[in-house]
Amino acid sequence: MDKFTTLTAIAAPMPMQNIDTDKIIPARFLKTIKRSGLGVHLFDPLRFDADGKEKPDFILNQEPYRKAQVIIAHENFGCGSSREHAPWALLDFGIRCIIAPDFADIFYNNSFKNGILPVRLPRAVCDQLIEDSKLGGNARVTVDLARQVVVRPNGEEISFEIDPFRKHLLLNGLDDIGQTMQHAPSIDTYEARNRQTQPWMPSTAV
Amino acid sequence: MSASRPRTLFDKIWDSHVVERLPDGTCILYIDRHLVHEVTSPQAFEGLRLAGRPVRRPDCTLAVADHNIPTVGSRIPSDIKEDDSRIQVETLEKNVKEFGVPYIPILDVRQGIVHIIGPELGISLPGTTLVCGDSHTSTHGALGSLAFGIGTSEVEHVLATQTLLQNPAKNMRIDVTGTLGFGCSAKDIVLAIIGKITTAGGTGHVIEYTGDAIRALDMAGRMTVSNMSIEAGARAGLIAPDQTTFDYVKGREFSPKGEAFEQAVAYWKTLPTDPGAHFDTTVMISTADIAPMVTWGTTPGAVIPVTGVVPNPEDEPDEGKRTQLRRMVEYMAVTPGQRLTDLAVDVVFIGSCTNGRIEDIRAAAAVAKGRKVAAGVQALVVPGSGLVKRQAEEEGLDRILLEAGFEWRDPCCSMCLGMNPDKLTPGQRCASTSNRNFEGRQGQNGRTHLVSPAMAAAAAVMGRFADVRQLV
């Protein structure tokens with residue numbers, strides 16, 4: 001996983017609520033056994049018409065937002081399915097940060113596992129950042145994870161909250177399986193105790 | 001947390017599964033049961049392979065292919081016509097073999113949708129933690145299992161460590177009181193709940209469903225309610241285990257037997273929420289406010305009673321919401337003020353992890369009996385598992401449905417999300433017993449209205465949405 005430290009980038013405004021995972025990546029594109037290559041299908045129903053041609057009014061089909069690395073949206077971003085294909089598609093397109101008033105829980109979790117930073121900020125702040133982002137390439141936003149601030153194009157800093165453990169993993173690009181493996185003795189102890197206290201737990205062996 | 005403090009059902013399951021609390025409060029949470037399917041697991045097994053890691057507890061893991069399987073014709077994996085679907089199924093079969101994971105083959109009568117077969121086989125048990133790379137894992141909460149959907153990275157994490165890194169959720173209680181009205185079902189309860197609390201109402205929470213209306217539901221109904229917790233934004237739903245639960249679990253293939261079962265029940269009886277336990281949020285709902293429900297828009301929260309009319313987006317004061325409502329009206333090709341019973345349907349889908357159990361098929365057959373599917377309507381019934389299908393056939397439900405003009409298919413997720421060939425064509429309108437009505441969910445530019453099985457059967461025979469209370 002790539003680490004996330006500081007990002008200065010073009011932000012794409014997507015002032016919509018409930019941007020669901022079927023919009024981010026429809027089910028027909030989930031039939032892959034790889035993590036890569038999904039960027040071409042990102043936001044397929046919003047981005048392309050029935051003939052596969054780009055819809056010119058969609059933000060990511062416009063310059064300079066084709067190169068956006070940040071998306072700013074409204075409430076409940078990423079609701080719906082647990083498909084990690086959603087953050088995979090965003091990442092493959094180049095998106096490293098999403099700013100919204102709130103996120104669906106599973107999508108929020110999945111983002112961190114892929115080096116994408118989801119930032120929760122109040123709706124009024126998101127609306128301000130959306131206005132900034134309409135200025136395009138001359139108005140880049142900076143996201144500084146170490147300092148937990150979003151810097152507006154005018155230099156104003158807005159701080160955000162983030163769980164310290166997730167921040168640590170993301171800043172260092174750490175694989176959390178490796179982190180958990182360091183606690184293997186605790187897992188062994190837990191399992192040994194469970195065999196005593198819950199002897200009825202059956203095996204799933206078919 | 002001290003043992004004397006009153007705890008919720010969620011608190012109790014959580015506390016008993018914390019392996020270690022890390023300094024910042026994040027917990028290593030033990031996972032008792034891990035269900036695996038073909039769509040969200042290939043990259044996880046690939047990750048294990050690259051890191052040289054084994055599956056820690058194959059005996060706590062069960063795999064099945066359910067999303068990509070055809071519902072007509074040959075079910076032999078190598079016969080699946082779409083290359084990418086076939087590759088996903090074959091990849092799962094290769095991975096379970098390589099990693100020694102128990103697997104239910106497609107041709108086994110026990111194959112079915114992962115959230116149908118977990119409870120049906122006795123894999124899902126009260127008081128356990130259960131995960132699957134699928135958001136509708138919330139279904140298993142109906143048995144009092146803390147069950148939630150995870151992404152593929154977390155699937156890999158559970159395969160490797162049998163744990164997850166988690167922070168505790170907040171407790172939400174939804175209390176449903178009263179006697180459910182004639183013609184109403186568990187699906188109408190949960191649609192009414194989502195209509196009330198919205199699709200983000202449960203975000204960050206685990207919902208415990210309480211109240212006499214929930215207690216009165218059979219296990220199938222409880223699973224329908226808990227299944228759609230995720231549509232209310234909650235990762236998990238819970239219903240306290242009671243005698244209905246114990247009777248359901250007893251005697252299933254994988255559930256504890258004899259003395260072990262009695263020991264388990266004694267433990268399960270300690271799980272219900274203590275009097276006075278704290279809920280961060282409480283919502284009260286009366287069955288008096290629940291009628292047969294139909295969604296009209298493209299989120300499950302856009303739902304009204306079948307007797308209602310499509311709302312006017314211009315009445316919405318918030319600009320963002322107004323924009324979304326306008327888009328829903330346009331996409332769904334409905335008009336403000338229009339009666340739902342004036343909307344004609346092209347397709348009816350009865351099935352999915354929400355409503356693919358035997359009780360759901362009985363409800364549909366009761367409406368279909370002696371009637372005919374309206375001209376021009378395609379009506380599919382897709383049992384949730386091979387065992388559900390077999391039981392329905394033993395009860396003669398397949399004959400009733402076939403005589404009425406329904407198609408009787410083989411088990412799969414099918415048209416819930418259209419990863420197999422069952423999907424809507426652009427512009428088609430569908431009465432569906434599934435769980436999501438997002439744009440394009442059942443096929444590009446398809447229009448989905450979520451309903452109960454009885455309401456779906458009513459739409460099939462009337463050719464339009466109809467109040468099932470006038471048909472039964």
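Note that the coordinates shown come from a computational prediction; the quantities given were computed from them, not determined experimentally. Below, chain A is the first sequence line, B the second, and so on; all start at residue 1.
- Heavy atoms closer than 4.5 Å to chain B are found in the side chain of A:H85, but not in its backbone.
- In terms of heavy-atom pairs under 4.5 angstrom with chain A, the leader among B:A234, B:S16, B:P23, B:A51 is B:S16.
- At a 4.5 Å heavy-atom cutoff, the contact between B:Y103 and chain A is made by backbone atoms alone.
- Most heavy-atom pairs under 4.5 Å with chain B: of the set A:P45, A:S203, A:G80, this distinction falls to A:G80.
- Neither the backbone nor the side chain of A:E75 comes within less than 4.5 Å of any heavy atom in chain B.
- Donor-acceptor pairing under 3.5 Å is recorded for the side chains of A:E84 and B:S153.
- Proximity to chain B (any heavy atom under 4.5 Å) is restricted, for A:D163, to the side chain, taken from C-beta onward.
- Side chains of B:R436 and A:S81 form a contact here, defined as non-hydrogen atoms less than 4.5 Å apart.
- Remark: B:Y267 pairs with A:W200 by the ring-ring contact (aromatic ring centres under 6.0 Å, His included) rule, at least two apart or across chains.
- For B:Q43, the parts lying near chain A are the backbone and the side chain together; criterion is any non-hydrogen pair under 4.5 Å.
- Considering only heavy-atom pairs separated by less than 4.5 Å from chain A, the leading option among B:N445, B:V18, B:N167, B:I104 is B:N167.
- Qualifying ring-ring contact (aromatic ring centres under 6.0 Å, His included) partners for B:F438, counting only residues two or more places apart in sequence or in other chains: none.
- For A:D127, no part lies near chain B; criterion is any non-hydrogen pair under 4.5 Å.
- Using a 4.5 Å cut-off between heavy atoms, B:T26 touches chain A through its side chain atoms alone.
- Put simply, OG1 on B:T203 and CG on A:N76 are 5.0 Å apart, with the number rounded to the nearest 0.5 Å.
- Your options are B:P300, B:A264, B:G204, B:A200, and the one with the most heavy-atom pairs under 4.5 Å with chain A is B:A264.
- Your options are B:T199, B:T298, B:T323, and the one with the most heavy-atom pairs under 4.5 Å with chain A is B:T199.
- Between B:P102 and A:T204 there is a side-chain heavy-atom pair separated by less than 4.5 Å.
- Along residues 24-39 of chain A, the residues that come nearer than 4.5 angstrom to chain B, judged on non-hydrogen atoms, are A:A27, A:R28, A:L30, A:K31, A:T32, A:I33, A:K34, A:R35 in order of number.
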Q: Go through the steps to decide whether A:I177 and B:R53 satisfy the test side-chain contact (heavy atoms from CB on, under 4.5 Å), and finish with yes or no.
A: CA-CA 10 Å; A:I177 295 178; B:R53 290 170 175 149; 3.2 Å; yes

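- Of the two parts of A:P199, only the side chain, counted from C-beta on, holds a non-hydrogen atom closer than 4.5 Å to a non-hydrogen atom of chain B.
- In this structure, B:T152 and A:K113 have side chains that are not in contact, with every pair of non-hydrogen atoms separated by 4.5 Å or more.
- Residue contact with chain B, scored on non-hydrogen atoms closer than 4.5 Å, involves the backbone and the side chain of A:D176 alike.
- In this structure, chain A has heavy atoms under 4.5 Å from both the backbone and the side chain of B:K321.
- Residue contact with chain A, scored on non-hydrogen atoms closer than 4.5 Å, involves the side chain of B:D318 exclusively.
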Q. Would A:R83 and B:L417 satisfy side-chain contact (heavy atoms from CB on, under 4.5 Å), going step by step from the backbone distance to the final call?
A. CA-CA 12 Å; A:R83 59 189 70 160; B:L417 81 172; 4.3 Å; yes

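- Between B:L164 and A:T180 the shortest side-chain heavy-atom distance does not fall below 4.5 Å.
- B:R441 has a carboxylate O that lies under 4.0 Å from a charged side-chain N of A:D22, or vice versa, which qualifies the two as a salt bridge.
- Ion pairing between a basic and an acidic side chain is recognised when a charged N comes within 4.0 Å of a carboxylate O; A:D105 and B:K170 show no such pairing.
- For a residue to count as touching a neighbouring chain, one of its non-hydrogen atoms must lie under 4.5 Å from one of that chain's; by this rule B:H17 touches chain A with backbone and side chain alike.
- Ranking B:Q263, B:E46, B:R235 against chain A, the residue ahead of the rest is B:R235, based on heavy-atom pairs under 4.5 Å.
- Only the side chain of B:T163 has a heavy atom closer than 4.5 Å to any heavy atom of chain A.
- Contacts of A:F107 with chain B are absent, with no heavy-atom separation under 4.5 Å from either backbone or side chain.
- Counting non-hydrogen atoms of neighbouring residues, nucleotides and ligands closer than 6.0 angstrom, the CD atom of A:Q182 exceeds 12 such neighbours.
- Side-chain contact between A:H183 and B:V19 is absent, with no heavy atoms from C-beta onward closer than 4.5 Å.
- Within the 4.5 Å cutoff, no side-chain heavy atoms of A:I106 are placed close to those of B:I150.
- The residues B:D24 and A:R166 are annotated as not salt-bridged, no charged nitrogen and carboxylate oxygen being separated by less than 4.0 angstrom.
- At most 12 non-hydrogen atoms from other residues, nucleotides or ligands lie less than 6.0 angstrom from NZ of A:K3.
- Taking CG from B:L165 and CZ from A:F165, the interatomic distance works out to 5.0 Å, rounded to the nearest 0.5 Å.
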Q: Check the pair A:D20 / B:E439 against side-chain contact (heavy atoms from CB on, under 4.5 Å), numbers first and verdict last.
A: CA-CA 9 Å; A:D20 60 68; B:E439 290 187 20; 5.9 Å; no

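- Scanning all heavy atoms of the two residues, the minimum distance from A:A205 to B:F254 falls at O-CE2, 3.4 Å.
- B:R327 CZ to A:Q17 CD: the interatomic distance, rounded to the nearest 0.5 Å, is 15.0 Å.
- Using a 4.5 Å heavy-atom cutoff, the side chains of A:M201 and B:T128 are in contact.
- Of the atoms belonging to B:E259, not a single heavy atom falls under 4.5 Å from chain A.
- At a threshold of 4.5 Å between non-hydrogen side-chain atoms, the residues A:T21 and B:S135 do not count as touching.
- Proximity to chain A (any heavy atom under 4.5 Å) is shown, for B:S85, by both the backbone and the side chain.
- For A:E161, the CD atom sits in a loose shell: 12 or fewer heavy atoms of surrounding residues, nucleotides or ligands are nearer than 6.0 Å.
- Neither the backbone nor the side chain of B:P426 comes within less than 4.5 Å of any heavy atom in chain A.
- Each of B:A260, B:G151, B:A160 has some count of heavy-atom pairs under 4.5 Å with chain A, and the biggest count is that of B:G151.
- Only the side chain of B:T299 has a heavy atom closer than 4.5 Å to any heavy atom of chain A.
- Highest contact tally toward chain B, considering only A:R193, A:H168, A:M181, is held by A:M181 [criterion: heavy-atom pairs under 4.5 Å].
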Q | From CA spacing to verdict: salt bridge (Lys or Arg N to Asp or Glu O under 4.0 Å), B:R56, A:E191 | A | CA-CA 11 Å; B:R56 181 182 171 97; A:E191 286 180 335; 2.8 Å; yes

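- Not counting sequence neighbours, the partners of A:Y190 by the ring-ring contact (aromatic ring centres under 6.0 Å, His included) test are B:Y30.
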